[in-house]
Student: 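This structure is in structure tokens; I'll ask about it shortly.
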Amino acid sequence: MEAIYKEEAKVYFSRELLTWYRRIKRDLPWRMNQDPYRVWVSEIMLQQTRVDTVIPYYERFMNKFPTVRALAEAPEPEVLKCWEGLGYYSRARNLQAGAREVVERYGGVVPDDKAAVAGLKGVGPYTTGAIMSIAFNRPEPAVDGNVMRVLSRYFCLEDDIAKPATRVGIEKLAGSLIPEGAAGDFNQALMELGALVCTPKAPSCLPCPVMEHCEARLAGRETELPIKTKAKPPRPEKRVAAIISGTGANEGKILVRQRPETGLLAQMWELPHLLVPKEQEKIVDAAPETDGSTAAAGEWLTRSMEEETGLLIRPERWFMDADHVFSHIHWKMRIYLADLGALAGAAAAAAGSSLAAETAAAYEAGGKQIEYRWIGPEDMDTLAFPNLFIRILREYWT
DNA sequence: AAAACGGGGGG
DNA sequence: CCCCCAGTTTT
């Protein structure tokens with residue numbers, strides 16, 4: 001009896017949700033057509049990112065890279081610049097790697113083949129299902145956070161959705177709900193319901209097309225589900241950065257550098273800065289010096305910057321403090337205005353020969369080539385910076 | 001299985 | 001302000 005009841009609840013759910021979606025679906029830029037490339041780009045952008053945030057990025061990106069081939073052939077820095085501010089920058093690099101793979105292996109055509117799609121860089125289980133169902137109408141589940149929330153509530157599932165095993169179970173369930181011939185619309189309907197109606201907090205049950213048979217709602221438990229263990233708080237890190245102004249040919253410019261190939265904010269540009277070791281955090285615990293002195297932090301900055309980068313700088317005064325929270329790290333940054341005193345070590349030779357040119361200095365740091373460059377406000381239009389440094393530099397040049 | 005990986009929105 | 005959101009890759 002239970003199984004029969006559940007089967008009817010499933011059929012009801014699929015039918016009502018699909019009908020609802022076809023009536024109210026939003027007119028979004030990636031729903032213009034079913035071009036697999038357009039679907040692919042949208043799904044990558046929509047990972048960890050809300051629809052309203054993605055729309056302007058998507059329009060710009062598709063305008064600049066309209067086809068798989070255009071993306072594959074673009075210089076990587078241009079792709080990164082187009083992604084600037086969206087976060088999780090490896091998504092952009094993986095997307096381009098995937099595009100190059102599609103050009104080389106599949107002649108520039110996204111293959112209508114689950115295993116081939118799943119093998120592309122940056123495409124995991126969710127995105128595979130999204131592309132296969134939306135672009136090719138294949139009956140594959142596409143389980144994102146919205147779907148886990150909706151199904152946890154409708155079927156009153158109490159498994160912890162933070163656990164990978166739970167997602168696998170919900171994928172099986174979601175796959176069994178797909179109506180014949182309507183995979184794309186149904187999967188989008190599930191996500192649309194999660195985004196518009198079955199929201200994380202305070203779901204709007206009254207307009208919900210499947211409220212009548214929603215088990216969580218019937219039990220009055222819709223706000224208790226889904227069950228999810230919460231993440232650890234980000235670890236705090238204190239950092240000191242310098243806005244180093246140039247002289248002579250570099251008058252009016254400041255020194256920035258490019259981050260390493262991999263890791264946090266890979267290949268993004270930034271102000272030179274240093275991690276303050278835990279045992280020395282008292283240096284930046286006090287309120288900033290607003291009287292023009294740079295005191296202890298300035299001296300520590302001078303010494304450590306020379307040790308780590310070979311740049312000999314002279315901090316002049318405190319400029320601002322800035323906080324930036326990542327999912328796993330919390331940067332508390334103190335920023336000083338500084339002059340370039342002189343160059344020492346490996347940086348001296350590199351910078352000495354090119355000081356008149358755009359490039360200021362290159363030096364060896366832990367075996368990796370770090371590029372330094374003098375830039376003016378106009379260079380912000382071509383180099384990709386994380387939001388933290390965009391805020392700081394906008395403030396500086398205002 | 002857990003950690004790394006950004007940024008934005010809502011209460 | 002604090003809390004919440006959440007796919008893929010790497011470890």
Side-chain angles (χ1 to χ4, degrees), chain A residues 39-57 80 82-98 101 117-131 140-152 159-168 170-171 174 187 190-191 194-196 198-204 223-237 259-270 322-333 384-392:
Chain A
V39 172
W40 181 13
V41 172
S42 74
E43 291 301 338
I44 299 298
M45 283 193 176
L46 287 163
Q47 291 171 6
Q48 276 74 25
T49 314
R50 317 176 107 78
V51 165
D52 290 344
T53 304
V54 165
I55 290 173
Y57 280 91
L80 206 57
C82 212
W83 208 270
E84 179 187 80
L86 255 191
Y88 287 106
Y89 299 99
S90 66
R91 289 184 296 170
R93 295 193 303 141
N94 287 340
L95 177 59
Q96 190 183 29
E101 224 174 311
V117 167
L120 297 172
K121 274 271 195 311
V123 177
Y126 162 74
T127 308
T128 300
I131 293 173
E140 297 293 337
V143 175
D144 70 350
N146 288 311
V147 176
M148 289 201 281
R149 183 172 59 255
V150 168
L151 296 183
S152 291
D159 305 294
D160 183 354
I161 63 166
K163 303 223 173 288
T166 303
R167 197 213 72 224
V168 173
I170 292 182
E171 268 177 353
N187 283 348
L190 221 31
M191 295 187 270
L196 300 180
C198 198
T199 50
K201 279 174 292 191
S204 323
T223 57
E224 296 170 27
L225 295 171
I227 308 265
K228 186 175 53 151
T229 56
K230 46 185 178 210
K232 295 190 318 183
R235 69 174 184 274
E237 282 186 2
R259 295 180 61 85
E261 300 273 332
T262 58
L264 186 66
L265 302 171
Q267 295 170 48
M268 303 291 281
W269 290 81
E270 66 176 6
D323 269 47
H324 194 69
V325 183
F326 303 93
S327 52
H328 57 309
I329 310 174
H330 184 162
W331 277 359
K332 298 174 91 67
M333 189 170 279
F385 287 85
N387 275 2
L388 165 66
F389 294 104
I390 292 176
R391 283 199 300 274
I392 295 167

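Chain identifiers are assigned alphabetically (A, B, ...) following the order of the sequence lines, protein sequences preceding nucleic acid strands; residue numbering begins at 1 within each chain.
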Student: Are the side chains of W269(A) and F389(A) in contact, using a 4.5 Å heavy-atom criterion?
Tutor: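 No, their side chains stay 4.5 Å or more apart.
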Student: Could you tell me the separation between the NE2 atom of H330(A) and the C1' atom of dG6(B), rounded to a whole number of Å?
Tutor: 13 Å
Student: For dG11(B), does OP1 or OP2 lie under 4.0 Å from any side-chain N or O of K201(A)?
Tutor: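 K201(A) to dG11(B) OP1/OP2: no side-chain N or O under 4.0 Å.
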Student: Give the nucleotide from the list dA2(B), dT8(C), dA4(B) with an atom nearest to the side chain of K163(A).
Tutor: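 Closest nucleotide among those given: dA2(B).
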Student: Is the phosphate of dT9(C), meaning OP1 or OP2, less than 4.0 Å from a side-chain N or O of N94(A)?
Tutor: no
Student: By nearest nucleotide on DNA chain B, pick out whichever of A202(A) and S90(A) is the more 5' one.
Tutor: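 It is S90(A) whose nearest nucleotide is closer to the 5' end.
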Student: Counting distance only, does the side-chain N/O of N187(A) pair as donor-acceptor with the main-chain N or O of E140(A) below 3.5 Å?
Tutor: yes
Student: Is a donor-acceptor pair below 3.5 Å formed from side chain Q48(A) to base dG6(B), judging by atom type as modelled?
Tutor: no
Student: Determine the interatomic distance between C1' on dC4(C) and the same-named atom on dG6(B); round to the nearest Å.
Tutor: 15 Å
Student: Map I44(A) and K230(A) onto DNA chain C by nearest heavy atom, then report which one ends up closer to the 5' terminus.
Tutor: K230(A)
Student: Can you measure K232(A) atom NZ to dC3(C) atom P for me and round it to whole angstrom units?
Tutor: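 After rounding, the gap between these two atoms is 17 Å.
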Student: dT8(C), dA6(C), dG7(B): which one has an atom nearest the side-chain heavy atoms of Y89(A)?
Tutor: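 Nearest nucleotide to the side chain: dG7(B).
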Student: Donor-acceptor check, side chain of Q267(A) to backbone of E261(A), threshold 3.5 angstrom: yes or no?
Tutor: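 Side chain of Q267(A) to backbone of E261(A), a donor-acceptor pair under 3.5 Å: yes, one is there.
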Student: Looking at dC5(B), I'd like to know if its phosphate oxygens (OP1 or OP2) sit under 4.0 Å from a side-chain N or O belonging to H328(A).
Tutor: yes
Student: Taking atom P in both dA6(C) and dG11(B), compute the distance separating them and give it to the nearest angstrom.
Tutor: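 Each nucleotide's P atom is 15 Å from the other's.
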Student: Out of dG6(B), dG9(B), dA4(B), which has the shortest distance to the side chain of F326(A)?
Tutor: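 For the F326(A) side chain, the nearest candidate turns out to be dG6(B).
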Student: Measuring only between side-chain heavy atoms, which start at C-beta, is V147(A) closer than 4.5 Å to Y126(A)?
Tutor: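 V147(A) vs Y126(A): side chains apart.
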Student: What is the distance from CG of L388(A) to P of dC5(B), rounded to the nearest Å?
Tutor: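 So the two atoms are 16 Å apart, to the nearest Å.
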Student: Would you please confirm or rule out a distance under 4.0 Å between OP1 or OP2 of dC5(C) and any side-chain N or O of T49(A)?
Tutor: no
Student: So, OP1 or OP2 of dC5(C): does either fall under 4.0 Å of a side-chain N or O from K228(A)?
Tutor: yes
Student: Does R149(A) reach the main-chain N or O of G194(A) with its side chain, forming a donor-acceptor pair under 3.5 Å?
Tutor: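 Between the backbone of G194(A) and the side chain of R149(A) there is a qualifying donor-acceptor contact (under 3.5 Å).
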Student: Taking the side chain of Y126(A) as heavy atoms from C-beta outward, which of dT8(C), dG6(B), dA4(B) is closest to it?
Tutor: dT8(C)
Student: For dC5(B) and dC5(C), measure between their P atoms and round to the nearest Å.
Tutor: 22 Å
Student: Between dC5(B) atom P and Q267(A) atom CD, what is the distance in whole Å?
Tutor: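 It is 14 Å, rounded to the nearest whole Å.
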Student: For DNA chain B, whose closest nucleotide is more 5', that of G87(A) or that of P164(A)?
Tutor: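 The residue closer to the strand's 5' end, by nearest nucleotide, is P164(A).
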Student: From dG6(B), dT9(C), dC5(C), pick the nucleotide closest to the side chain of S327(A)?
Tutor: dG6(B)
Student: Between dC5(C) atom C1' and M191(A) atom CE, what is the distance in whole Å?
Tutor: 16 Å
Student: Identify whether any heavy atom of V325(A) sits under 4.0 Å from a base atom; if not, whether one sits that close to sugar-phosphate; answer base, sugar-phosphate or nothing.
Tutor: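 Counting heavy atoms under 4.0 Å across all strands, the contact made by V325(A) includes a base.
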Student: Any side-chain N or O of H324(A) less than 4.0 Å from the OP1 or OP2 oxygen of dG6(B)?
Tutor: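 So the side chain of H324(A) is outside the cut-off, no N or O lying under 4.0 Å from OP1 or OP2 of dG6(B).
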Student: Do M45(A) and Y57(A) touch side chain to side chain, with heavy atoms closer than 4.5 Å?
Tutor: yes
Student: Of all the nucleotides listed (dG8(B), dT8(C), dG6(B)), which has the minimum atom distance to the side chain of Q47(A)?
Tutor: dT8(C)
Student: Under the 3.5 angstrom rule, does the side chain of T128(A) hit a backbone N or O of V117(A) as a donor-acceptor pair?
Tutor: no
Student: Could you state the atom-to-atom distance from CZ of R259(A) to C1' of dG6(B) in whole Å?
Tutor: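 My rounded result for the distance is 12 Å.
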Student: If pairing requires Watson-Crick or G-U wobble contacts with both distances under 3.5 Å, which nucleotide is the partner of dG6(B)?
Tutor: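 Its partner is none (no Watson-Crick or G-U wobble pair with both distances under 3.5 Å).
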Student: Counting any heavy atom closer than 4.0 Å, what does L265(A) reach on the DNA or RNA strands: base, sugar-phosphate only, or nothing?
Tutor: sugar-phosphate
Student: Roughly how many Å is it from CG in D52(A) to P in dG8(B), rounded to a whole number?
Tutor: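 Roughly 13 Å, once rounded to whole Å.
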Student: Counting side-chain heavy atoms from C-beta on, which of dC5(C), dG7(B), dG9(B) comes nearest to T53(A)?
Tutor: dG9(B)
Student: Taking atom C1' of dG6(B) as reference, at what distance in whole Å does atom CD1 of I329(A) sit?
Tutor: 11 Å
Student: With a cut-off of less than 4.0 Å, is there a side-chain N or O of R149(A) near OP1 or OP2 of dA6(C)?
Tutor: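 Answer is yes, contact under 4.0 Å.
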